[in-house]
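One structure below.
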Amino acid sequence: MATWAESYNEYRDWLTGQGIIFSFTGYLSEDMLTTLGNALKKSMALSETNANVAKRVFSVFVEQVQNIIRYSSDRIAGTEPPTEMSGGMVTVGVDDDRFFVVCGNVVDAARAEPLRERLTHLARLDKDQLKAYYREKLREPPEEESQGASIGLIEIARRSSEPISFDIVWLDPEHNQAFFCIKAFI
Amino acid sequence: MDTISIAPTDRSPLVEFDFSQGRFRLEGESYPENSASFFAPLLAALRAFLESDDTRPVSFDLAMTYFNSSSAKALMNMFQMLEDAGARGREVVVNWHFHPDDDTMEEFGEDFGLDFENAAFRMRPTPKT
């Protein structure tokens, strides 16, 4: 039987084998976005990543993490001082010379379907259509919550080299909550 | 109106709004924790200045290296105000500085520039950006 350290080593090996630069699972907040974002920039600079590619990866990372922070259904909050954290996972890696960013978080059923529709719609648009759609969304008056997510998703789609992949895992037999997972290749 | 000067942070740009000279600057990265609350006072001050009786020319220099989608929304609102002021007869020049190798900032500049008719929007490839 594997020792506990061997189990963690297998887990580490698995991550490394997937080309993972880093992976975080747990509760996220804006200050962690700052820290992880700086770590990502530094690691890309150290590996001499092309500056334009590094900017695109960083942009996808920021929009993905901010989506988790804003829209995850799994949240914890405290009052003194006022704090709120959002549960989710974010993983950045390299596969066959291309960076990817994977994000996942729990969403209520009511959120899952509109999100799926938006991503399906975005997947059908080419670069020029995405650019035009982004411009259109920028012009809209102060948005309601759901539309706020879509401009971030358009930004992710614009910086990606192929349509955003996404999938849903239902977490209960009644389909009340789902783990919504998004993968973008840059 | 008093000058607004805000030092840059990891996540917010340098801000220099010198109303007495009609000179405005935004430089660096922008993905504030809450971009609406970061930009709201700046947008309000700019609007008040542009809608005042002041007729001095306005020069706005931006040298952004990265901004997230909610900051883009704030920039767009600012540009709409500047273009509206241009339409009312104010002399407005917006300079969009970007590093010549920065494809994303160049493309954003081209996009934002499409909305200007009455205010001048100039693309400024600037190696030191």
Side-chain angles (χ1 to χ4, degrees), chain A residues 28-42 44 50-67 69-70 83-84 127-128 130-143 145 147-160 186, chain B residues 8-13 28-40 43-44 47 63-84 98-117 121 125-129:
Chain A
L28 282 155
S29 56
E30 288 284 347
D31 52 347
M32 291 161 75
L33 168 57
T34 313
T35 308
L36 291 173
N38 285 339
L40 175 59
K41 276 185 187 166
K42 202 169 284 181
M44 289 191 292
N50 169 281
N52 280 310
V53 172
K55 280 199 175 194
R56 290 202 289 272
V57 173
F58 184 71
S59 179
V60 168
F61 174 77
V62 170
E63 301 293 342
Q64 296 240 45
V65 174
Q66 288 193 319
N67 277 345
I69 293 171
R70 288 176 199 160
T83 17
E84 195 173 28
K127 285 286 168 209
D128 286 340
L130 286 169
K131 189 180 185 172
Y133 191 31
Y134 187 96
R135 281 174 58 79
E136 180 191 323
K137 284 281 166 191
L138 270 196
R139 270 170 192 71
E140 279 179 3
E143 68 272 304
E145 191 186 25
Q147 289 171 318
S150 68
I151 193 159
L153 290 177
I154 305 168
E155 169 69 16
I156 295 168
R158 287 186 73 182
R159 305 298 152 224
S160 300
I186 291 90
Chain B
T9 69
D10 269 359
R11 295 181 54 171
S12 63
E29 296 198 319
S30 183
Y31 60 116
E33 182 165 341
N34 184 336
S35 60
S37 67
F38 180 81
F39 282 105
L43 291 167
R47 183 185 297 281
M64 302 305 296
T65 50
Y66 165 69
F67 49 88
N68 68 347
S69 57
S70 32
S71 299
K73 190 121 194 161
L75 292 179
M76 172 63 86
N77 290 340
M78 240 167 40
F79 292 149
Q80 278 170 343
M81 281 181 209
L82 292 161
E83 166 61 13
D84 290 347
F98 60 98
H99 191 283
D101 295 337
D102 190 338
D103 302 342
T104 307
M105 287 303 121
E106 181 173 8
E107 190 182 10
F108 267 120
E110 285 165 356
D111 276 11
F112 284 132
L114 294 174
D115 290 318
F116 286 92
E117 278 179 34
F121 185 91
T126 311
K128 66 173 175 53
T129 307

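We name chains A, B, ... by the order of the sequence lines, and we start the count at 1 in each one. Because the structure is a prediction, the values reported are computed rather than measured. Note that these values count all heavy atoms, side chains included, but never hydrogens, waters or copies made by symmetry.
In this model, no donor atom of one side chain and acceptor atom of the other lie less than 3.5 Å apart for A:E63 and B:N68. Residues A:N52 and B:D101 have side chains that never bring a donor and an acceptor to within less than 3.5 angstrom of each other.
B:D115 and A:R135 are joined by a salt bridge, as a carboxylate oxygen and a charged side-chain nitrogen come within less than 4.0 angstrom of each other. Ion pairing of A:E30 with B:R11 is present here, as a side-chain N (NZ or NE/NH1/NH2) and a carboxylate O approach within less than 4.0 Å. Using a 4.0 Å cut-off between charged nitrogen and carboxylate oxygen, B:E29 and A:K41 count as a salt-bridge pair. Ion pairing between a basic and an acidic side chain is recognised when a charged N comes within 4.0 Å of a carboxylate O; B:D111 and A:R158 show such pairing.
Here CE of B:M76 is found 4.5 Å from CG of A:L138. Values are rounded to the nearest 0.5 Å.
Side-chain atoms of A:K55 never come within 3.5 Å of backbone atoms of B:D103 as a donor-acceptor pair (strictly under, hydrogens ignored).
No side-chain heavy atom of B:E33 sits under 4.5 Å from any side-chain heavy atom of A:S29. A 4.5 Å side-chain heavy-atom check between B:K73 and A:E140 finds at least one atom pair inside the cut-off.
Using a 4.5 Å cut-off between heavy atoms, B:F79 makes no contact with chain A at all.
When each of A:K131, A:Q66, A:R56, A:E155 is checked for heavy-atom pairs under 4.5 Å with chain B, A:K131 comes out on top.
Annotation for B:S69 and A:G152: closest pair OG-CA, 3.5 Å, computed over non-hydrogen atoms.
In this structure, A:K42 places its NZ atom where only 12 or fewer heavy-atom neighbours from other residues, nucleotides or ligands lie under 6.0 Å away.
Between A:F58 and B:Y31, the gap from one ring centroid to the other is short of 6.0 Å.
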